Visitor: 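Here's a structure for you.
In what follows, every heavy atom counts, from backbone to side chain, and hydrogens, waters and symmetry copies are set aside. All figures in this text were calculated on a predicted structure; none of them were measured in a lab.
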Amino acid sequence: MAEKILIKERLGDALGELSKFRLLAPTKSDEVVLFKQIDDPAEAYLDYLNSTVPPKRVVFPQTETLFKFRAGEPDLEEKDPSEGETVIWGLRPCDARAMAIVEKLFNWDYEDPYYLKRREETTLVGLACSSIPSVNCFCTSVGGHPFGTEGLDVLLTDLGDKYLVEVVSDKGAKVAEALSGLLADAAGADKEAAAKLSTEAEKGISRTIGTEGLQEKLLNLWENPLWKKVSAACLGCGVCTYLCPTCHCFDIQDEVEEDEGRRARMWDSCMFCEYTLHGSGHNPRPTRRERTRNRINHKYSYFPSKFGDIACVGCARCINLCPVNIDILDILQQVVEA
Amino acid sequence: MMKNPYIPYRVNIIDTWFETPGDRCIKTFKVTFADEKVWETWSHRPGQCAMVGMPGVGESMFCISSSPTEKEYLRFSIMRVGKVTQAMHTLEQGESFYIRGPYGNAFPVDDWKGKDIVTVGGGIGQAPLRPVIQYIRDNRGDFGDLKLIYGARTSADHCFKDEFAEINQKGDCACHLSVDVEEEDWPHYVGFVPALLMDVAPSPDNTIAVTCGPPVMIGFVLKNLMELGFAPTQIYTTLENRMKCAIGKCGRCNVGNLYVCKDGPVFRYDQIKDVAESTA
């Protein structure tokens with residue numbers, strides 16, 4: 001499908017058209033930007049660098065029920081994971097790419113019905129990073145791009161008073177069809193303007209890391225003193241993993257209230273000491289040193305060795321939000337130099 | 001619709017007994033599926049595991065301690081350690097719990113046909129070895145000599161005591177048993193399992209060694225097997241880690257880039273020898 005144009009004045013109408021879907025867009029409340037279901041197009045806050053909380057929570061909720069049960073009743077009540085046809089409007093290319101990467105794990109051998117159902121019914125309308133990306137962004141070092149379309153169904157580029165609309169999948173075509181009355185054909189100049197912004201955005205990324213050979217090198221640094229050094233300040237708060245768009249680890253817990261209960265899964269973090277604690281009391285990753293080493297190795301060595309992609313999209317949330325300024329690029333730089 | 005791997009099957013306890021006494025007692029459950037139709041699709045191999053638990057309490061991963069040659073029931077031998085196992089230990093014959101699986105890889109017993117087999121177990125580590133031994137006993141003609149080496153702290157701490165007696169009586173294989181410390185009327189070896197292994201000194205010729213037990217024991221058994229001339233490709237062991245999903249999603253059970261739940265729990269020694277985290 002050829003590129004289209006959506007005039008910004010008609011953005012409200014466009015979001016209105018999409019209200020037949022479960023429509024989520026970035027919203028701002030105090031200093032926190034996160035994706036929420038919007039009823040009024042005015043709630044959409046598109047003038048943002050990136051959301052505080054990644055949109056992974058739309059397909060992978062922080063807590064979700066797997067099944068319910070009742071005391072004295074042997075049958076378990078399976079939870080239908082469907083949330084209905086969903087559109088996420090205006091997410092960043094790195095966060096869409098993260099979903100494409102994590103989906104490989106949720107498809108690995110055993111299909112995860114909860115994740116995959118919602119991923120299947122969710123259409124991703126991305127918003128290219130056409131303003132200068134945030135100071136810590138490093139998507140281009142890990143296989144991404146500020147205008148990348150991996151995982152996306154539609155890519156929007158902000159051209160000032162209008163958006164260039166690029167459909168990149170069949171799911172995206174369905175959304176474009178719903179908006180067809182609002183879209184005009186793009187002119188050559190619009191495409192040229194977008195291409196120029198794309199080049200500028202790429203140049204605007206100031207932080208980089210060489211990832212070649214990291215997968216093997218990390219395995220050879222198992223006992224290197226750098227792990228102690230880079231984890232010394234860590235509080236074990238887990239924000240680096242909770243707010244990471246590729247972190248997918250979860251816990252499973254049962255909750256009972258009176259004679260009803262549910263088995264639920266919830267985000268977990270490899271930075272917590274209970275994460276690997278055995279019933280016997282033994283813990284194979286007893287300190288933050290081992291846990292930090294595992295977090296970095298998982299993202300840059302283990303996951304790539306299994307699924308081909310680095311499990312990091314360079315969104316820099318872990319850098320921007322760490323309360324003690326632990327910087328994954330600094331850690332990787334030490335690995336490169338070790 | 002695809003089968004939801006998180007939904008467990010209900011099983012009924014047809015028999016249960018204590019293997020060992022004490023704080024960390026071991027109880028064996030013999031179970032059958034509440035819905036008999038599950039048997040039509042269920043198939044497991046020696047060494048595979050299942051998530052075992054109770055709604056409202058939780059679930060944990062355990063090896064299936066029965067061999068697929070034992071039809072119409074599954075066995076689990078469970079040590080009382082934490083929340084789930086304490087709840088499991090309150091269950092009696094006629095009651096139910098839930099399982100899902102089978103998970104993980106298995107001991108490649110069919111590749112071992114024609115070979116001599118030696119199993120080296122310690123404590124509850126005999127549970128994953130039991131299906132291997134039973135499988136060989138039920139296909140006795142397909143395998144060579146079978147040696148069973150097993151020890152625990154005291155004779156009371158031995159799992160599957162009655163079975164060892166029966167095996168000895170039938171002459172299916174040689175049972176070499178040990179206790180860690182001297183006790184009255186103990187007719188067998190006194191000492192740790194790795195020392196018993198050196199005492200038995202099995203030949204590595206055309207032999208497969210399988211070892212499960214506490215990590216410290218496994219470490220010394222591996223060392224001693226190498227000393228006896230076994231190559232890493234002749235040695236199999238199992239790893240364990242905390243697990244939640246058992247299907248390679250929840251993240252925590254990895255040793256290096258291997259997920260114990262899916263890539264294991266059975267590993268040939270050469271596969272994990274150089275994985276630093278496998279001894280953590």
Side-chain angles (χ1 to χ4, degrees), chain A residues 66-71 74-76 78-79 81 105-106 108-117 215 219 222-223 241 247-256 261-263 265 268-270 274-286 290 293-294 297-298 301-306, chain B residues 1-10 12 24 34-35 51 53-61 79-86 96 98 103 124 214-215 239-263 274-280:
Chain A
L66 301 174
F67 59 82
K68 293 182 185 173
F69 48 85
R70 281 174 163 278
D75 292 336
L76 309 172
E78 188 175 340
K79 172 82 163 44
L105 173 105
F106 281 110
W108 179 41
D109 210 357
Y110 292 90
E111 295 174 358
D112 186 290
Y114 302 91
Y115 185 92
L116 295 175
K117 177 66 188 168
Q215 189 180 318
L219 300 179
W222 193 254
E223 294 294 347
T241 52
C247 278
H248 57 265
C249 288
F250 57 84
D251 192 3
I252 296 178
Q253 293 287 341
D254 288 11
E255 292 175 352
V256 180
R262 66 166 182 164
R263 181 160 293 165
R265 74 170 171 196
D268 200 355
S269 172
C270 60
E274 293 88 353
Y275 180 75
T276 48
L277 183 64
H278 288 198
S280 64
H282 173 68
N283 194 338
R285 293 186 205 126
E290 293 82 22
R293 180 175 63 194
N294 183 70
N297 281 5
H298 180 250
S301 183
Y302 309 154
F303 197 95
S305 76
K306 275 200 144 46
Chain B
M1 201 182 142
M2 58 191 164
K3 159 114 181 63
N4 185 333
Y6 295 98
I7 307 293
Y9 303 114
R10 188 161 62 95
N12 295 328
R24 292 196 163 189
D35 177 359
M51 273 305 224
M54 295 156 71
V57 182
E59 50 181 10
S60 304
M61 190 81 135
M79 182 186 275
R80 191 174 68 185
V81 173
K83 191 174 75 170
V84 172
T85 54
Q86 283 190 32
S96 303
Y98 290 76
Y103 293 129
I124 186 65
L239 294 178
E240 57 181 9
N241 256 338
R242 187 182 176 112
M243 292 176 192
K244 288 290 177 174
C245 73
I247 54 175
K249 319 290 186 216
C250 80
R252 75 204 61 233
C253 73
N254 70 300
V255 289
N257 76 339
L258 301 166
Y259 281 112
V260 174
C261 69
K262 271 187 94 302
D263 300 311
D274 301 320
V275 177
E277 204 167 29
S278 69
T279 52

Visitor: Salt bridge or not for A:D251 and B:K244, using N-O below 4.0 Å?
Guide: yes
Visitor: Between A:L277 and chain B, which part of the residue has a heavy atom less than 4.5 Å away: side chain, backbone, both or neither?
Guide: both
Visitor: Has B:R252 got its NZ or CZ under 6.0 Å from the middle of the six-membered ring of A:F250, at an angle within 45 degrees of the ring axis?
Guide: no
Visitor: What part of A:R285 gets within 4.5 angstrom of chain B, counting heavy atoms only: side chain, backbone, both, or neither?
Guide: side chain
Visitor: For A:Q215, which atoms come within 4.5 Å of any heavy atom of chain B: side chain, backbone, both, or neither?
Guide: neither
Visitor: Quick one: of A:L66, A:D268, A:V256, A:L105, who has the most non-hydrogen atom pairs under 4.5 Å with chain B?
Guide: A:L105
Visitor: Most heavy-atom pairs under 4.5 angstrom with chain B, which of A:N283, A:L219, A:D109?
Guide: A:D109
Visitor: Below 4.5 Å, heavy-atom pairs only: which of A:R265, A:R262, A:R263, A:H248 has the largest tally toward chain B?
Guide: A:R263
Visitor: At a 4.5 Å cut-off on heavy atoms, which part of A:S301 comes close to chain B: side chain, backbone, both, or neither?
Guide: neither
Visitor: Can you spot which of A:W108, A:F303, A:Y110 makes a ring-ring contact (aromatic ring centres under 6.0 Å, His included) with B:Y259?
Guide: A:W108
Visitor: Pick one of side chain, backbone, both or neither for B:P215, based on which atoms fall under 4.5 Å of a heavy atom in chain A.
Guide: neither
Visitor: Under a 3.5 Å threshold, yes or no: a donor from one side chain and an acceptor from the other, between A:H278 and B:N241?
Guide: yes
Visitor: For A:I252, is it the side chain, the backbone, both or neither that has a heavy atom under 4.5 Å from a heavy atom of chain B?
Guide: both
